[in-house]
Amino acid sequence: MKRAIFAAAALTAIMLSGCTPEPEQQTRDAAGNTTGWTQPPQILAVQQADASLIFSGQAEPGARVVLRNDQGAAFAAAADSEGRFEIRMATPRGPLLLRPETQVGQDAAISPDRLLIVDGGTGPIAILRSGGSTRRLDNAPALGAIDSDSQSLLASGRAPAQGQSVSVSVGGDQLQVLSGASGRWSVLLGPVAQGSVVRVGDEAFEWPGPGDSTADLHVERSGEGWRVGWNGVRGARQWSWLPTSGN
């Protein structure tokens, strides 16, 4: 069975069930007066240089951008007059999950996204979105990720160009999706059994299914990729499988 799905901006408006992004927060001046809405930062790219990772993105002009985790690690930089920023960090050991946030004065806007660094940067580097599709920053194969919660399954990736038709098939279900901005696409899959083959174009990927760990962050090799269990907004459990190659 074939279904055509036409998407803009990678269908990120389609959310996994039960998960809702955190709202933006109002900025206040020194007197406590509301001055507008504070936007969380967007991390757009990563570069590897010697023993460092350099993350670049967009935030409010002049804002302080911070990446932090629950164990106290924090990395920060100031956005320039056009909102561009770069944050450099030493290549971490093992997996690291960081929360991006914008600080303007005494106010902070925490992003619903999480920055994931796997295997000290030699594995996938990705933006995990609570209730939405993972956005790979590293050199990913045709299928960038399969995200799942207790009810839904969301496949995503990046095509060479915007507006390109991408074929995604699993079982007897074949889908056609148009890539959005920067070539990114995502599509909801029907019921998919553990071990099923998901095809994107000519490449095949065997989905290992979600894990069963309840740890705040669980990262393990699984099949031809990495399986990540993490807690999103309001503690919603989500699993993300990040393939490293296809067949």
Q: Examine the side chains of T102 and E60 and answer whether a donor and an acceptor come within less than 3.5 Å of each other.
A: no
Q | Any side-chain donor near an acceptor of the partner, S240 and D147, under 3.5 Å | A |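 S240 vs D147: donor-acceptor pair found between side chains.
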Q) Taking only residues at least two apart or on different chains, which pairs with a member in residues 44-58 satisfy side chain to side chain donor-acceptor pair (under 3.5 Å)? A) none
Q) Apart from V46 itself, what residues make up its hydrophobic cluster when side-chain heavy atoms of I, L, V, M, F, W and Y under 4.5 Å apart count as a link, directly or indirectly? A)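 For the cluster that includes V46, the remaining residues are I43, L53, F55, V65, L67, F75, F85, I87, M89, L96, L98, L115, I117, I125, I127, L137.
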Q: Under 4.5 Å between side-chain heavy atoms, chaining through other members, with only Ile, Leu, Val, Met, Phe, Trp and Tyr counted: pull out the rest of the cluster around V118, sorted by chain and number.
A: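 Reading the cluster by chain and number, V118 sits alongside L97, L116, L128, L217, V219, W226, V228, W230, L242.
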**Q.** side chain to side chain contact (heavy atoms under 4.5 Å, CB included) against R158, all qualifying residues, sequence neighbours excluded
**A.** S182, R184
How would you list, by chain and number, every residue that makes a side-chain hydrogen bond (donor to acceptor under 3.5 Å, both in side chains) with [X], sequence neighbours excluded?
X	answer
T122	D119
Q103	R64, E101
E224	S245
D70	R99

Does anything in [range] form a salt bridge (charged side-chain N to carboxylate O under 4.0 Å, His left out)? List the pairs, not counting sequence neighbours.
range	result
residues 79-89	D80-R84, E82-R84
residues 203-217	none
residues 137-146	R136-D138

Q) OG of S148 to CH2 of W239: how many Å apart, nearest 0.5 Å? A) 8.5 Å
Q) Taking all atoms of both residues into account, what is the closest heavy-atom pair of G232 and S130, and its distance? A) CA-OG, 3.5 Å
Q: Report the residues that fulfil salt bridge (Lys or Arg N to Asp or Glu O under 4.0 Å) with R199, sequence neighbours left out, ordered by chain and then residue number.
A: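 In terms of salt bridge (Lys or Arg N to Asp or Glu O under 4.0 Å), with neighbours along the sequence ignored, R199 is linked to no residue.
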